[in-house]
Enquirer: 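This structure is in structure tokens; I'll ask about it shortly.
Treat the numbers as computed from the prediction; the structure is a model and nothing was measured. Just so it is clear: chains get the letters A, B, ... in the order the sequence lines come, proteins before strands, and each one is counted from 1.
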There are 2 protein chains.
Amino acid sequence: MDGRPANDQTSPWMTFENRRRARDEKREAVLRTAVQLFLEQGYHRATLNEVAERLNITKPALYNYFRSKEDILFECWALGQEQVDGFIAAIDGSRQNGLGKLRALVHSYAETMATDFGASLVRFDPRDLSPANARTVRAAKRGIDQSFRRYITEGIADGSIKPCDPKMAAFAIAGSLNWIGHWYQRGGELTPDAIADDFAERLTEGLAAATSKRPAGRTSATKTKKSTAKAPTSRKKK
Amino acid sequence: MDGRPANDQTSPWMTFENRRRARDEKREAVLRTAVQLFLEQGYHRATLNEVAERLNITKPALYNYFRSKEDILFECWALGQEQVDGFIAAIDGSRQNGLGKLRALVHSYAETMATDFGASLVRFDPRDLSPANARTVRAAKRGIDQSFRRYITEGIADGSIKPCDPKMAAFAIAGSLNWIGHWYQRGGELTPDAIADDFAERLTEGLAAATSKRPAGRTSATKTKKSTAKAPTSRKKK
DNA sequence: GACTTATATTACTCACGGGTAAGAAAAAGT
DNA sequence: ACTTTTTCTTACCCGTGAGTAATATAAGTC
């Protein structure tokens, strides 16, 4: 795990690393607790006192790791955004047609919406952020929107998607996906995987060019790896 | 309008009516101002002081018309909900197949999302409401969801919609529509009408049964009659 | 004109929660 | 064992904004 050979147990560096890691773990624990509470009660109703309480510490202790409540909010958002940036980069670098990329994006985005940090992307209000952070968020949102439009435009160009208005199509698709963050809740009868599979198909079938509309054929390898997962309502629940 | 013959000009009743109307107009003015401010800044950042200021009065004056800030929030929501209840009742009473009803619902709902009170349906947080009011809101939301599912189920039964999972289809469609309330802004390049037309087609084309998929034909009178009849809010708009 | 009611204002209370100061407790370093 | 640094607690400050009390003003009524 640690790249460095641990031959020197008394090395201050080893300890330094450990301490930094311990600190980061605590920071993360704060964020996990905070994002849960913010989603549960809403940012304004959630108090730092309660965040601290759930971590068995007191409010001022939080200020060792974060500058302000707003800082915590922003970091929560940033963790979610990192996920999105990650899979958009992966899809950008993949070798498939526009429709395939769009499907992959829808699938990954849907899954992300079913996570706490993912939901924070759409359930947190940028107006609660400082102007500087709000700018960052706006830029990121624009980036996501542009990815949707880019894949659609690409798909139209390569013939996998039938001609349409990329802007409206992107709005419609992103709307469906973003809304997942509002209704999804763990433990319900719909699993993130089932939702992602369903939406990936549902939100793109209307755009697929007629030529690529084979009976049951999937256009890319995107789906193949989750062949097992298709059970839409595999509920253990009770 | 007034059932009573106004033969007696000094009648206290006439004056009473006028006063009640004046009062209602003021109430409405408060709500219009409040909903705007709540949407602009978010419920928690918006202060009653500023609502009052915009109306050229002072905060305590508001308490002549409303019991609390939460009361104002709820009334804003209720006005939006009234619109929705209105056109759902109209569609329910209309004589068309499931697909036609679904299209009509999508169209009307999209238009409503582009209004202040309509947007408040999805941008206000029910957790800001008293338990009693929150229950009302939840019930209404359930009602809307059920209308979507009902029309889809109806459509499957009458053959206008191809077999699918009504629950997921409703989620996907409602998500797209609700999201309008988050991105639409007056003065943009997209008019409410254009959005509604586009979404009514876009969100239902994937569900249409193959048999009813004619080149450019509309399945019913949904579109034709709505030019006139469908105006519950009959805005004269230029 | 008196008197009643509705409507508005000024001046205030008060709970709440983010944030800070000072210092204790624990850990790390020497 | 000592200092130093990091982490956390107790005790507090203080801005904010919803809501209220007391009162003035305007309108409607007799």
Enquirer: Expected output is a numbered-order residue list: members of residues 65-78 of chain A with a heavy atom under 4.0 Å from any atom of DNA chain C. What is it?
Expert: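 Listed by number, they are A/Ser68, A/Lys69.
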Enquirer: To the side chain of A/Tyr63, which of C/dG18, D/dA11, D/dC8 is closest?
Expert: C/dG18
Enquirer: Are the side chain of B/Arg127 and the backbone of A/Glu40 linked by a donor-acceptor contact shorter than 3.5 Å?
Expert: yes
Enquirer: Among residues 32-58 of chain B, which ones have heavy-atom contacts with DNA chain C below 4.0 Å?
Expert: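 Contacting residues: B/Ile57, B/Thr58.
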Enquirer: Hey, could you give me the CG/CZ distance between A/Leu102 and A/Arg149, rounded to the nearest 0.5 Å?
Expert: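 Going from CG on A/Leu102 over to CZ on A/Arg149, the span is 13.5 Å.
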Enquirer: A/Asp24 and A/Tyr65: side chain to side chain donor-acceptor pair (under 3.5 Å), yes or no, with the steps?
Expert: CA-CA 9 Å; A/Asp24 283 356; A/Tyr65 306 99; over 6 Å; no
Enquirer: Using a 4.5 Å cut-off on heavy atoms from C-beta on, say whether the side chain of B/Ile72 contacts that of B/Lys69.
Expert: no
Enquirer: Is any side-chain N or O of B/Lys26 closer than 4.0 Å to OP1 or OP2 of C/dA6?
Expert: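 Looking at the OP1 and OP2 atoms of C/dA6, neither is under 4.0 Å from any side-chain N or O of B/Lys26.
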Enquirer: Given the structure, check if the side chain of A/Lys59 and the base of C/dG17 hold any donor-acceptor pair shorter than 3.5 Å.
Expert: no
Enquirer: Given atom CZ of B/Arg23 and atom C1' of C/dA8, what is their separation to the nearest angstrom?
Expert: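 Between C1' of C/dA8 and CZ of B/Arg23: 12 Å.
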Enquirer: Going through the distances and angles, do B/Thr153 and B/Arg150 end up as a side chain to side chain donor-acceptor pair (under 3.5 Å)?
Expert: CA-CA 5 Å; B/Thr153 306; B/Arg150 188 169 59 250; over 6 Å; no
Enquirer: Should the ring pair B/Trp183 and A/Phe171 be called parallel, tilted or perpendicular, given that the plane angle runs from 0 to 90° and is split at 30 and 60?
Expert: parallel
Enquirer: Under 3.5 Å, side chain of B/Arg123 to main-chain N/O of B/Ala119, donor-acceptor pair present?
Expert: no
Enquirer: Nearest whole angstrom, please: distance from the C1' of D/dA21 to the CG of B/Asn64.
Expert: 14 Å
Enquirer: Any idea how A/Phe38 and A/Phe124 line up, ring-wise: parallel (<30°), tilted (30 to 60°), or perpendicular (>60°)?
Expert: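 A/Phe38 vs A/Phe124 ring planes: perpendicular.
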